[in-house]
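Each chain gets a letter, A, B and so on, in the order the sequences are listed, and its residues count up from 1.
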Amino acid sequence: MQHIINQSKEMFRRSLYCAAGLCLSGLITFGQAGGGKGAKHPAATVHAASQLKLPAGFKARTLVENFGRTRHLAVAPNGVIFVKLNRPKDGKGIYRLEDTNGDGKPDKITGFGNYGGTGIYISDGYLYASSDEEVFRYKLDNDYNVVNPDQPEKIVTGLLNRGEHESKSIVLDHNGNLYVNVGAYSNSCQFKDRQKGSPGQMPCPILDSAGGIWMFTANKENQTYGDGVHYATGLRNIVGLDWNTQTNSLFVMMHGRDQLHDLFPDIWDTKQSAELPAECMYELHQGSNCGWPYTFYDQMQHRLVLAPEYGGDGKKGPDKEYQEPIVAFPGHLAPDGLLFYTGSEFPAKYKNGAFVAFHGSWNRAPEPQAGYFVVFVPFKNGKPSGKWEVFADNFSGGAEKTASGRVDYRPCGLAQGPDGALYVTDDSKGTIWKISYHK
Amino acid sequence: MKKYSSFVLAGGLFVLAWGLMSQTGKPAQGGLAAQIKRGKQVYLEQCLACHQVDGLGVQGMNPPLVKTKFVLGDKPTLVKIVLNGMQGVDVGGDDYHGVMAPHPDLTDEQIADVLTYVRNSFGNKATAVTAAQVKAIRATNTPPAQ
């Protein structure tokens with residue numbers, strides 16, 4: 001009985017989903033993920049460059065392979081690439097890649113910084129990079145060489161790292177402010193993390209020092225929580241974030257909570273749990289509260305619902321008002337990179353729109369996994385102006401690999417080059433692609 | 001996906017046959033085959049989300065359950081991982097940023113069954129865990145501080 005009710009509810013939700021116009025992209029992406037019948041992927045040659053599927057006119061070139069856990073990257077105005085490794089390789093956690101002979105591939109590669117991490121950003125003659133607890137900056141010369149690689153200034157220190165959602169992503173605005181994410185070391189702020197039956201803590205104490213964005217002064221050393229501004233809260237974990245120069249505001253991609261079915265099998269079946277909650281894009285302003293852990297966004301009902309650890313039943317709304325997302329994607333796809341495209345190389349529709357790199361799911365099991373692609377969201381006047389679409393696909397290496405989650409590559413970082421090309425990293429094997437457009 | 005499950009099935013049958021032949025201790029209720037079957041059910045409900053259908057886990061998040069020193073190692077340590085959870089320990093030289101929640105609400109039988117399933121699946125071969133062993137280990141276990 002319960003099963004039948006769930007099924008029809010699911011169908012109802014699906015039709016809502018289609019009515020919202022997301023059906024087509026859903027079908028394209030997830031129809032394949034089911035495996036079994038349907039178009040078989042042509043003999044999968046695991047070759048990083050030829051593997052990616054791109055819209056007509058776009059071409060991917062592999063710059064490096066097997067480089068380590070390459071997370072975020074930044075490209076300087078002269079084309080020099082800086083990439084942050086999650087774990088140091090040969091004792092170096094940051095690499096500078098330069099193409100000195102003009103063949104398009106980096107041939108001069110130097111490393112520095114003995115710490116792992118995720119965040120990296122270039123601003124005003126400095127390279128900023130984060131470990132999982134601190135943010136450093138390095139002075140750059142006119143050729144974007146690091147002036148003193150062994151003596152960075154320590155800008156922020158003492159950020160919380162409890163192993164879960166540990167990466168500190170960073171971005172700067174144009175007013176000398178540095179924004180840092182501190183992820184919540186928890187799924188839904190239960191007294192006992194991820195333990196069935198354990199209620200949510202009220203208020204959630206984690207939010208004091210994590211689950212939000214902190215703003216610091218970009219040129220002041222040794223700041224910690226007390227020196228910064230607690231800019232936004234109610235954000236479970238942000239990895240992808242970017243400053244939108246059109247709106248002059250911070251945009252972030254939140255990783256939604258896991259395990260709705262595992263923890264509340266009477267409310268959500270495995271299919272619903274694979275899709276819910278939405279992975280959300282938010283535009284943040286000082287004081288934004290996006291509601292984690294008390295609420296999550298149900299993209300099938302198109303509204304926020306109360307989290308089950310706080311008395312939610314999948315239908316009840318949240319206890320108070322929280323900020324709503326501006327784009328809601330299917331669940332668990334794990335958005336790790338966000339980039340607003342300001343270049344002129346790509347066709348006009350891409351200008352000022354957002355690219356999002358989805359690392360790919362694991363929390364959809366036993367349902368097929370999904371993601372492992374870069375999507376594009378068109379924007380007009382600082383607002384999404386159409387449906388999102390898959391831009392770069394097949395990082396996984398085929399529908400079967402997507403479904404099982406045993407994939408070839410997992411997209412993570414995004415950056416724009418001075419020529420307007422899009423750079424994408426993969427942090428499972430250590431690949432960097434450059435995607436260009438030629439009419 | 002389909003290929004995958006038939007592969008797992010074939011592997012399972014092989015392991016099962018092997019297990020039946022080499023089983024020397026006191027057989028679990030209904031024999032080893034039945035215990036593995038029950039254990040698989042517990043695995044699907046309690047462990048699969050993180051460690052995945054194939055037991056290979058998720059890179060950087062949840063470790064594989066394939067021939068690790070914990071899966072094949074001493075039973076008290078293994079049983080206590082299920083009872084108390086685990087976090088911040090390198091497995092096979094890699095770090096994992098997921099969190100293994102404690103599962104104290106599982107019965108002795110369920111823990112014995114699921115661990116016997118894990119120890120005889122995904123390419124693992126190790127002796128069965130009995131409910132009596134879990135009971136004894138639980139009796140000496142200090143649950144983690146709140």
Note: vs chain B, highest number of non-hydrogen pairs under 4.5 angstrom among A/H261, A/R69, A/R410 is A/R69

So, the part of A/D262 with a heavy atom under 4.5 Å from chain B: the answer is side chain

query: Is the shortest heavy-atom distance from the side chain of A/W292 to the side chain of A/S186 under 4.5 Å?
result: yes

When the 4.5 angstrom heavy-atom criterion is applied to B/N62 and chain A, the contacting part is side chain

To the nearest 0.5 Å, atom CD of A/Q201 lies from atom CD of A/Q190 at 9.5 Å

Note to self: Please check: side-chain N/O of A/Y409 versus main-chain N/O of A/G430, any donor-acceptor pairing under 3.5 Å?
What the structure shows: no

- Neighbour count above 12 (heavy atom, 6.0 Å) for A/K89 NZ: yes

Do A/K196 and B/D105 meet the salt-bridge criterion of a basic N to acidic O distance under 4.0 Å? no

Honestly, the part of A/E166 sitting under 4.5 Å from a heavy atom of chain B is side chain

Per-residue tally against chain B (heavy atom, under 4.5 Å) across A/H165, A/R194, A/Q195 peaks at A/Q195

Bottom line for B/M61: the part with an atom under 4.5 Å from chain A's heavy atoms is side chain

